[in-house]
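This report concerns only the one structure given below.
Because the structure is predicted, anything quoted here is derived from the model rather than measured.
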Amino acid sequence: MQLIQETPDLSAYLAADEAIDHHHPQVREVSARLAADAQDSYDYARAAFVYVRDRVTHSQDAGDPRVTWRASDVLEQGTGICYAKSHALAALLRAEDIPAALCYQHLGVVHGLVAVRFNGAWHRQDPRGNKPGVDARFSLDGEHLAFTPDPAAGESDHPVLYAAPHPAVLRALRDATDRAHLWRTLPTAL
């Protein structure tokens, strides 16, 4: 699949916004800790991915009713669904000047991913969190995402790389009173 930047301006994929608040002290503290042990930007990106995938629980898997959407809140509370975890990973990457985009799959509902830019190309990553039947891994050599869309079931990859969270995703997160409410209002299309 050909990934398409929403904007040709690469600096948009380094910007902070309300959800990807990479200037927040919480994001800076985590990024500094991860960067201290990294040999280079690739090593840092992999460490940030593993941190979000493994240290931030997927709230559905954990039965956590909280809904987070700002990267700083996701990192502070240690929980979030795929969209929130993607915001956290994008913020950690951007905190170290690594371009990061938000991207999505349609799997009956919209599923959130991150694309990271290395060596002049975008590489999609899925920080959702592993569980039985899900084995997402950081890779620049082919995708190792949590899910593969089934076209026969109407599922698909969405090729657009967004600099900011899609408005439908952000609206669902902000409007949710708890995870059960969010589950009833997840976007089914972009």
Side-chain angles (χ1 to χ4, degrees), residues 3 5-6 10 12-38 40-62 64 66-105 110-118 121-131 134-140 143-147 157-158 160-166 169-170 172-173:
L3 297 173
Q5 286 182 211
E6 174 188 34
L10 201 56
Y13 300 96
L14 292 168
D17 62 31
E18 192 175 13
I20 304 172
D21 56 345
H22 64 77
H23 297 303
H24 190 282
Q26 180 69 37
V27 177
R28 289 298 183 179
E29 186 273 322
V30 174
S31 68
R33 193 167 4 110
L34 295 171
D37 294 330
D40 55 26
S41 59
Y42 172 82
D43 194 39
Y44 173 83
R46 185 186 50 70
F49 170 83
V50 169
Y51 183 90
V52 173
R53 183 194 66 191
D54 297 350
R55 301 278 306 271
V56 176
T57 63
H58 189 284
S59 57
Q60 174 71 16
D61 295 349
D64 191 326
R66 295 175 292 172
V67 175
T68 55
W69 57 273
R70 280 188 188 92
S72 56
D73 293 337
V74 174
L75 295 173
E76 179 184 354
Q77 296 180 37
T79 192
I81 68 164
C82 62
Y83 311 136
K85 291 181 69 152
S86 293
H87 300 169
L89 178 56
L92 288 173
L93 293 168
R94 292 179 184 187
E96 292 296 319
D97 294 321
I98 299 170
L102 299 167
C103 47
Y104 303 94
Q105 292 176 313
V110 175
H111 175 61
L113 307 169
V114 172
V116 60
R117 189 164 176 90
F118 274 104
W122 289 100
H123 307 273
R124 294 189 311 164
Q125 312 296 325
D126 192 341
R128 180 223 179 273
N130 290 338
K131 64 180 187 174
V134 174
D135 182 26
R137 289 176 272 144
F138 185 82
S139 175
L140 303 183
E143 294 183 336
H144 294 281
L145 306 177
F147 308 107
D157 286 307
H158 190 68
V160 177
L161 300 172
Y162 295 92
H166 191 279
V169 166
L170 204 48
L173 289 168

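- Taking both residues in full, the closest heavy atoms of Val56 and Gly80 are given as CG1-N, 4.2 Å, listed atom of the first, atom of the second, then distance.
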Before giving the answer on side chain to side chain contact (heavy atoms under 4.5 Å, CB included), spell out for Gln60 and Lys131 the whole-Å C-alpha distance, their side-chain angles and the decisive distance to 0.1 Å. CA-CA 11 Å; Gln60 174 71 16; Lys131 64 180 187 174; over 6 Å; no
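- Rounded to the nearest 0.5 angstrom, Arg53 CZ and Leu89 CG are separated by 11.0 Å.
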Evaluation steps, side chain to side chain contact (heavy atoms under 4.5 Å, CB included), between Gln105 and Leu145: CA-CA 11 Å; Gln105 292 176 313; Leu145 306 177; 3.8 Å; yes
Run the numbers on Tyr83 and Leu170 for side chain to side chain contact (heavy atoms under 4.5 Å, CB included), then give the verdict. CA-CA 9 Å; Tyr83 311 136; Leu170 204 48; over 6 Å; no
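- Not one N or O on the side chain of His158 forms a donor-acceptor pair closer than 3.5 Å with the backbone of Val160.
- A salt bridge does not link Asp126 to Arg128: none of the charged side-chain nitrogens sits closer than 4.0 Å to a carboxylate oxygen.
- Put simply, CG on Leu34 and CD on Glu29 are 8.5 Å apart, with the number rounded to the nearest 0.5 Å.
- Side chain of Arg94 to main chain of Tyr13: a donor-acceptor pair is present (N/O by atom type, distance under 3.5 Å, no hydrogens or angles).
- Scanning all heavy atoms of the two residues, the minimum distance from Val114 to Ala100 falls at CG1-CB, 4.3 Å.
- Of the N and O atoms on the side chains of His87 and Arg70, not one donor lies less than 3.5 Å from an acceptor on the other residue.
- Aromatic rings from Phe138 and Tyr42 are positioned such that their centres are separated by under 6.0 Å.
- In this structure the side chain of Val30 reaches within 4.5 angstrom of the side chain of Gln26, judged on heavy atoms.
- Judged by distance alone, the side chain of Ser86 and the main-chain N or O of Pro127 form no donor-acceptor pair under 3.5 Å.
- Between atom NE2 of residue His123 and atom CG of residue Leu113 there is a gap of 14.5 Å, rounded to the nearest 0.5 Å.
- For the pair Tyr44 and Leu92, the tightest heavy-atom approach, listed with the atom from each and the gap, is OH-O, 2.7 Å.
- At least one donor-acceptor pair closer than 3.5 Å links the side chain of Thr68 to the backbone N or O of Thr79.
- Residues Arg117 and Leu10 approach most closely at CD-CD1, 3.5 Å, considering heavy atoms.
- Taking both residues in full, the closest heavy atoms of Gly129 and Val134 are given as O-CG1, 3.7 Å, listed atom of the first, atom of the second, then distance.
- Residues Ile20 and Leu102 form a side-chain contact, since some pair of their non-hydrogen atoms from C-beta on lies under 4.5 Å apart.
- Ala136 and Asn130 make their closest contact through N-OD1, 2.6 Å (heavy atoms, listed as atom of the first residue, atom of the second, distance).
- Residues Phe49 and Leu93 have side chains not in contact (no heavy-atom distance under 4.5 Å, counting atoms from C-beta outward).
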Evaluate side chain to side chain contact (heavy atoms under 4.5 Å, CB included) for Gln125 paired with Leu140, printing each intermediate quantity in order. CA-CA 9 Å; Gln125 312 296 325; Leu140 303 183; 4.2 Å; yes
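- Atom CZ of Arg28 sits about 14.5 Å away from atom CZ of Arg33, to the nearest 0.5 Å.
- For Arg137 and Asp135, the salt-bridge test passes: some basic side-chain N is under 4.0 Å from an acidic carboxylate O.
- For the atom pair CD (Glu96) and CG (Leu14), the distance works out to 11.5 Å, reported to the nearest 0.5 Å.
- Classified by interplanar angle (parallel below 30°, tilted 30° to 60°, perpendicular above 60°), the ring pair Tyr162/His166 is perpendicular.
- Here the CZ atom belonging to Arg46 is positioned 12.0 Å from the OG atom belonging to Ser41, to the nearest 0.5 angstrom.
- Applying the 6.0 Å contact sphere to CZ of Arg55 captures no more than 12 heavy atoms from other residues, nucleotides or ligands.
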